[in-house]
Amino acid sequence: MTTVLANIGGRTLGIVAGMGAGVVFLGSALAWALRPPAKIRLIIQQIRAIGVDSLLVVLLAGLFTGMVLGLQGYYSLRKFNAESFLGAVVALSLLRELGPVLSAFMVTGRTGSAMAAELASMRVTEQIDAMHAMAINPVKYLVSPRIVAGVIAMPLLTCMFNVIGIYGAYVVGVGLLDLGSGSYVSGMEQSVQLRDVVEGLIKSATFGLIISSVCCYKGFHALPMATGVGKATTEAVVLSFVLILVSDYFLTSVML
């Protein structure tokens, strides 16, 4: 019994210590991001890597998510003779929940994993240690631009996800199921408020911060061995998924 309790306590302390180290790492990266000189070129390069390179997969996910919402929502609302609310249901679902969460999942799988693998490879091949030896702060040059770029790029990708998702639902509802175009659009106009858009953008910016910081932390502190890159990448993706869902719940409960 004592051994079991000791193992549980050791694992708990390890989790708490890891969370503390992650928060300290994020604080250090943000502090270096605010300290001049600003690495504008590096930030733009990372915005391209996170935003532009992930655009296609985000648009595809948004299109088919909207089409599925349009199809399922139409037949569900038809049971109550409320097909005219399809536009409102789709828009609110995408703007407040599905848009930020699903686009964050796509970015984690597409760019977050590459981010963790790249930094882990630099750790394994001792490139980060070489930067220390040359008196170059690796956090400022490798981590801070990625975190800033993640916070900037994620809301933009979420906006595109929402737009293409609403259009996909419009194509299904109006083009295939003969729903009136006016009722679809007017339902959105009457139901969607600026607050819904702002809440979705706040969530997406938070998810961008989570993705970039977690993936950078796991890659930066990867074990210097042959399996270090794969282990760091897997842990980064899984932990990002979990934290996205957990933070989504708490953000939703605060914003309601």
Side-chain angles (χ1 to χ4, degrees), residues 22 25-26 29 33 39 41-69 93-95 97-124 141-168 200-222 227-248 251:
F25 180 80
L26 175 59
K39 303 300 179 182
R41 179 176 296 180
L42 295 177
I43 293 174
I44 293 175
Q45 290 176 355
Q46 294 304 320
I47 289 176
R48 177 181 178 181
I50 297 173
V52 178
D53 294 346
S54 302
L55 183 59
L56 179 60
V57 66
V58 168
L59 291 179
L60 284 175
L63 177 63
F64 286 100
T65 299
M67 294 175 71
V68 170
L69 279 176
S93 300
L94 289 173
L95 291 173
E97 292 297 331
L98 292 179
V101 172
L102 292 182
S103 58
F105 282 173
M106 295 297 105
V107 171
T108 301
R110 170 62 179 80
T111 307
S113 58
M115 193 183 302
E118 181 181 357
L119 293 179
S121 298
M122 297 181 70
R123 171 64 70 184
V124 172
Y141 282 83
L142 299 177
V143 178
S144 296
R146 287 174 166 84
I147 291 179
V148 174
V151 175
I152 295 173
M154 271 305 305
L156 300 177
L157 289 173
T158 301
C159 291
M160 297 179 185
F161 185 101
N162 293 335
V163 170
I164 197 68
I166 292 173
Y167 175 75
L201 294 180
I202 292 174
K203 285 185 178 181
S204 61
T206 304
F207 297 158
L209 179 65
I210 290 173
I211 294 168
S212 55
S213 60
V214 168
C215 293
C216 286
Y217 175 79
K218 289 295 184 180
F220 196 85
H221 295 90
T227 59
V229 176
K231 184 178 180 181
T233 304
T234 302
E235 291 179 352
V237 172
V238 173
L239 183 58
S240 296
F241 284 162
V242 172
L243 290 180
I244 287 169
L245 294 175
V246 172
S247 61
D248 179 56
L251 288 173

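We're numbering straight along the sequence, starting at 1. As the structure is a prediction and not an experimental result, all values here were calculated from the model.
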**Report entry** CG-CG distance between Leu157 and Leu102, expressed to the nearest 0.5 angstrom
**Finding:** 13.0 Å
Query raised in the report: What is the minimum heavy-atom distance between Leu69 and Ser93, and which atoms define it?
Result: CD1-CB, 4.3 Å
Query raised in the report: Any idea which heavy atoms bring Leu26 and Ser213 closest together, and the distance?
Result: CD1-CB, 3.8 Å
**Report entry** side-chain contact (heavy atoms from CB on, under 4.5 Å) against Leu201, all qualifying residues, sequence neighbours excluded
**Finding:** Pro155, Cys159, Val197, Ser204
Report summary line: Applying side-chain contact (heavy atoms from CB on, under 4.5 Å) to Leu245 and not counting sequence neighbours gives Val101, Phe105
Query raised in the report: Nearest 0.5 Å, what's the CG-CD1 distance between Leu239 and Ile210?
Result: 9.5 Å
Report task. Can you see which heavy atom on Ile152 is nearest to which on Leu156, and at what distance? Result -> O-CG, 3.5 Å
Query raised in the report: What do you reckon, is NZ of Lys231 surrounded by more than 12 foreign heavy atoms closer than 6.0 Å?
Result: no
Requested in this report: Side-chain contact test, heavy atoms from C-beta onward, threshold under 4.5 Å: evaluate it for Asp248 versus Thr206 and give yes or no.
Outcome: no
Query raised in the report: With a 4.5 Å heavy-atom cut-off, do Leu94 and Phe161 have their side chains touching?
Result: yes
Requested in this report: Calculate, to the nearest 0.5 Å, the distance between atoms OG1 and NZ belonging to Thr234 and Lys218 respectively.
Outcome: 11.0 Å
Listed pairs under 3.5 Å, donor-acceptor, residues 46-61 side chains, sequence neighbours left out:
unit_1 : atom_1 : unit_2 : atom_2 : d
Ser54  : OG     : Ile50  : O      : 2.9
Ser54  : OG     : Thr111 : OG1    : 2.6

Requested in this report: Can you establish whether the number of heavy atoms outside Tyr167 located under 6.0 Å from its atom OH is more than 12?
Outcome: no
Report task. Quick one: pull up CG in Leu63 and CD1 in Ile164 and give me the separation to the nearest 0.5 Å. Result -> 5.0 Å
Report task. Compare all side-chain heavy atoms of Lys203 with those of Glu97 and state whether any distance is below 4.5 angstrom. Result -> yes
Report task. Answer yes or no: is there a side-chain heavy-atom contact under 4.5 Å between Leu119 and Cys216? Result -> yes
Requested in this report: Would you name the heavy atoms of Ala120 and Ala232 that are closest together and state the gap between them?
Outcome: CB-CB, 4.1 Å
Report task. Could you tell me how the ring of His221 sits relative to the ring of Phe25: parallel (under 30°), tilted (30 to 60°) or perpendicular (over 60°)? Result -> perpendicular
**Report entry** Rounded distance [0.5 Å steps], CZ in Phe241 versus OG1 in Thr108
**Finding:** 5.5 Å
**Report entry** Spacing of Leu142 atom CG and Arg123 atom CZ [to the nearest 0.5 Å]
**Finding:** 10.0 Å
Query raised in the report: Does Phe207 reach the side chain of Val107, with side-chain heavy atoms less than 4.5 Å apart?
Result: no
Query raised in the report: If you look at every heavy atom in Ser113 and Thr233, which pair is closest and at what distance?
Result: O-CG2, 3.6 Å
Query raised in the report: Between Cys215 and Gly112, what is the shortest heavy-atom contact and its length?
Result: SG-O, 3.3 Å
